[in-house]
Amino acid sequence: MQVKMDINEAMRARHSVRAYEQRGLDGEAKDVLEGRIAELNAQSGLHIQLITGEPKAFDGLMAHYGKFSGVTDYIAMIGKKGADLEEKCGYYGEKLVLLAQQLGLNTCWVAMTYRRIKTAYKLDAGEKLCIVIAIGYGKTQGVPHKSKTPLEVADMSGDVPEWFKKGVEAALLAPTAVNQQKFYFALADGKVSAKAGRGFYSRIDLGIAKCHFELGAGKENFSWA
């Protein structure tokens with residue numbers, strides 16, 4: 001299946017969408033997503049699962065309160081319990097979010113406003129469901145939200161290389177819980193440090209932001225501290 005945009009276009013075009021057309025994922029798109037999920041699970045040790053044709057998780061009061069409609073497909077971000085689980089789920093989940101955008105789909109990270117339908121996914125010993133990602137064909141393409149400036153989320157003092165600036169710009173396009181953007185990047189001795197601030201789901205947000213930073217900066221230009 002041919003992608004509809006490159007990764008930089010996907011980062012700029014992707015916005016959270018909560019209202020979806022009532023149709024399932026096209027077979028080709030589903031196959032591409034499932035193939036990528038298998039690759040990412042092998043890389044990360046996570047147990048990410050694509051759930052399709054399951055309307056119950058987004059049919060409760062919380063989902064209606066969150067203004068979700070038409071959601072029958074979602075990605076369950078699952079992994080072994082541990083200090084790094086949330087960051088890993090954010091990092092690898094965002095790779096799937098951006099792929100979905102490239103395939104002409106829409107998404108929304110969902111932490112609270114859904115019901116856990118335990119028959120829909122599999123938890124192995126020691127695993128937990130961290131967060132889900134609604135996915136489908138949006139009724140709209142969503143809207144951009146107000147963003148912080150690079151100076152608010154990164155140390156831009158001194159002679160900052162162009163790749164670092166591009167990484168920070170890409171990180172500012174990353175979705176975060178209630179648009180809080182509570183992360184901070186700094187460069188020292190050729191290595192980039194990334195820290196999460198305080199706030200709801202800030203570790204997940206940090207993983208998402210790190211995914212964007214890598215894509216903007218180019219992994220060949222730096223290593224993580």
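Note that these values count all heavy atoms, side chains included, but never hydrogens, waters or copies made by symmetry.
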Next on the checklist: Closer than 4.0 angstrom, basic N to acidic O: yes or no for R36 and E39?
Outcome noted: yes
Find out whether [X] and [Y] are in side-chain contact, i.e. whether some heavy atom of one side chain is under 4.5 Å from a heavy atom of the other.
{"X": "L215", "Y": "N8", "answer": "no"}
{"X": "H15", "Y": "V143", "answer": "no"}
{"X": "C108", "Y": "V17", "answer": "no"}
{"X": "Q101", "Y": "M11", "answer": "no"}
{"X": "R14", "Y": "V97", "answer": "yes"}
{"X": "Q49", "Y": "I78", "answer": "yes"}
{"X": "D205", "Y": "Q181", "answer": "no"}
{"X": "K30", "Y": "L50", "answer": "yes"}

Using the rule that Ile, Leu, Val, Met, Phe, Trp and Tyr join whenever any side-chain heavy atoms are under 4.5 Å apart, tell me whether [X] and [Y] fall into a single cluster.
{"X": "V192", "Y": "V160", "result": "yes"}
{"X": "L25", "Y": "L99", "result": "yes"}
{"X": "I75", "Y": "W109", "result": "yes"}
{"X": "V132", "Y": "L61", "result": "no"}
{"X": "I131", "Y": "F200", "result": "yes"}

Item to check | Selection residues 147-199 - residue pairs positive for ring pair (Phe, Tyr, Trp, His ring centres under 6.0 Å), sequence neighbours left out | outcome: W163-F222, F164-F213, F183-F185, F185-F213
Item to check | Heavy-atom neighbours of K80 NZ exceed 12 at 6.0 Å | outcome: yes
Checklist entry - In this structure, are over 12 heavy atoms from other groups packed under 6.0 Å from E21 atom CD? => result yes
Verify, without hydrogens or angle tests, whether [X] (side chain) and [Y] (backbone) share a donor-acceptor contact under 3.5 angstrom.
{"X": "D73", "Y": "E54", "answer": "no"}
{"X": "N221", "Y": "A217", "answer": "yes"}
{"X": "Q43", "Y": "G45", "answer": "no"}

Which atom pair, heavy atoms only, marks the closest approach of [X] to [Y]?
{"X": "Y20", "Y": "A134", "answer": "OH-O, 3.7 Å"}
{"X": "E127", "Y": "H47", "answer": "OE1-ND1, 2.8 Å"}
{"X": "N106", "Y": "G138", "answer": "OD1-N, 2.8 Å"}
{"X": "M5", "Y": "A13", "answer": "SD-CB, 4.0 Å"}
{"X": "L105", "Y": "A29", "answer": "CD1-CB, 4.3 Å"}
{"X": "G79", "Y": "L46", "answer": "CA-CD2, 3.9 Å"}

Name each donor-acceptor pair under 3.5 Å that joins a side chain in residues 83-90 to protein atoms two or more places apart or in another chain, with its distance.
from : atom 1 : to   : atom 2 : distance (Å)
E87  : OE1    : R203 : NH2    : 2.8
E87  : OE2    : K210 : NZ     : 2.8
K88  : NZ     : S44  : O      : 2.6

Checklist entry - Do R23's NZ or CZ and the ring of Y137 fall within the cation-pi criteria of under 6.0 Å and 45°? => result yes
Next on the checklist: Can you tell me which residue among F58, Y74, Y114 is in a ring pair (Phe, Tyr, Trp, His ring centres under 6.0 Å) with F68?
Outcome noted: F58
Next on the checklist: Checking side-chain polar atoms at under 3.5 Å, does H212 have a donor or acceptor matched by the opposite partner on E94?
Outcome noted: yes
Next on the checklist: Less than 3.5 Å apart, any donor N or O on the side chain of Y201 or Q180 sitting next to an acceptor on the other?
Outcome noted: no
